[in-house]
Amino acid sequence: MATNHLLEIKQYGQSIWIDNLTRDIIQSGELKELVENQGISGITSNPAIFEKAIAGNVIYDADIEAGIRAGLPTAKIYESLVFADIRNACDILRPVYEASNRLDGYVSLEVPPTIAQDTEATITEARRYFQEIGRENLMIKIPGTESGLPAVEQAIADGINVNITLLFSVESYVNTAWAYIQGLEKRVAEGKDISKIASVASFFLSRIDSNIDGKIDAKLKKGVDDIAVEAKLLAVKGKVAIANAKIAYQEYKKIIRSERWQALAAKGAKVQRLLWASTSTKDPNYRDVMYIEELIGHDTVNTVPPATIKACADHCNVGDRLETDVDKAYTLIENLKDPDINIDLDAVMDELLAEGIDKFIQPFQSLMNSLEEKIKVLSPV
């Protein structure tokens, strides 16, 4: 039997989660198989994933009809479908949650992306989702925006597991880490237990390279007279996301060495792990598993879409690489300021964050629209 390279990754202290959740994989037993035999130890979801899962899929029709009979509005029917899938997925992953002492076994569900810029609404929905779903191994996804971080802090203080999503810049990750710490400190000040709370910081990868590669290709298309300048531009292509992630991990190490973190660790706090997201390779010229292979390291998670999971199981070259070539990573990021390259990384990160929120809002609204259409079709005349 062929080696499943996914199973080798765990020995380096990294967990592999799947970036996909549908009722089909729950009911068919595929999810249970992935968890029990393929080394998958968590799940992330987002509005785009649920749009694909629900729109045009008859597997949800009976529950939609039940919602219609109960007189539920569209938003509540949506929640009834999604909450049921999340609960079932949490139950499948519960043995992993218990066996790992609450390190793994989580299922992530995002608050509505339409409230990404509303702190109070995000706090309210995070509390409601966590209570209504009623599973200890649920993680609520909150965007790491300026409005989202106070909500992260409060949710952690409330004892809610949080997946902070849409992190692109190292600075945004650092701010996220301190929001987690401040939430734990608030909980300690209230005399409450912090040993059962978990958090991950979802740091996005391929979207960074897609954006920067596009800018480099535009420069090359205009024509570059100097071969040395062309070489500088080509040296950056497909390299920024991994370099950026390696630098973020160095910041993680500084944070967990801090006195504030050590004081919380002494009270049983769990580290907030960096989670590598957006890990499917968008450019066919790049190795299809590069965002997995290059970022394997201790106390991290990689959430991987189904096609990339299969590719990694088949041909991932597994090794502890997260802390290799760190000096080169810093140099590469610094080189973006070179006048010949001239890429403003901060501007790229701001652009990607705005795009990222939009990429979740659009499928969420599309899903609501398609659900309304389906409700009309399924409603009794």
Problem set entry | Summary of ring-ring contact (aromatic ring centres under 6.0 Å, His included) pairs that have at least one residue in residues 233-271, sequence neighbours excluded | Y249-Y252
For this session: Sequence neighbours left out, what pairs pass salt bridge (charged side-chain N to carboxylate O under 4.0 Å, His left out) with at least one residue falling in residues 104-118?
Result: D104-R273
For this session: Indicate whether any N or O donor in one side chain lies under 3.5 Å from an N or O acceptor in the other, for K310 and T308.
Result: no
Exercise. So do the side chains of L264 and I194 get within less than 4.5 Å of each other, counting heavy atoms only?
Worked result: yes
For this session: Return yes when atom NZ of K10 has more than 12 non-hydrogen atoms of other residues, nucleotides or ligands closer than 6.0 Å, and no otherwise.
Result: no
Exercise. Can you tell me if N137 uses its side chain to pair, donor with acceptor, with the backbone of C90 under 3.5 Å?
Worked result: yes
For this session: Using a 4.5 Å cut-off on heavy atoms from C-beta on, say whether the side chain of L138 contacts that of N161.
Result: no
For this session: Indicate yes or no: does R127 engage D158 in a salt bridge with an N to O separation below 4.0 Å.
Result: yes
Exercise. Do F204 and S202 touch side chain to side chain, with heavy atoms closer than 4.5 Å?
Worked result: yes
Exercise. Going by an N to O cut-off under 4.0 Å, is there a salt bridge joining D209 and K237?
Worked result: no
For this session: Look at the side chain of S108 and the backbone N and O of I140, then say whether any donor-acceptor pair between them is shorter than 3.5 Å.
Result: no
For this session: Answer yes or no: is there a side-chain heavy-atom contact under 4.5 Å between D85 and T22?
Result: no
Exercise. Got Q117 and E146 here, is their nearest side-chain heavy-atom distance under 4.5 Å?
Worked result: no
Exercise. Got Y106 and R135 here, is their nearest side-chain heavy-atom distance under 4.5 Å?
Worked result: no
Problem set entry | R94/E98 ion pair, N-O < 4.0 Å | yes
Seminar exercise, completed: Sequence neighbours excluded, the answer for side chain to side chain contact (heavy atoms under 4.5 Å, CB included) partners of T331 is N335
Exercise. Does a side-chain N-to-carboxylate-O contact under 4.0 Å join E351 and K215?
Worked result: yes
For this session: Determine, for R321 against E293, whether the closest basic-nitrogen to carboxylate-oxygen distance falls under 4.0 angstrom.
Result: no
Exercise. How about F83 and Y78: are their ring centroids closer than 6.0 Å?
Worked result: no
For this session: Using a strict cut-off of less than 4.0 Å between a Lys/Arg side-chain nitrogen and an Asp/Glu carboxylate oxygen, indicate whether E323 and K253 qualify as a salt bridge.
Result: yes
For this session: Inspect the contact between R128 and E79 and indicate whether a charged nitrogen and a carboxylate oxygen are less than 4.0 angstrom apart.
Result: yes
Exercise. Are D226 and K232 within salt-bridge range, i.e. N to O under 4.0 Å?
Worked result: no
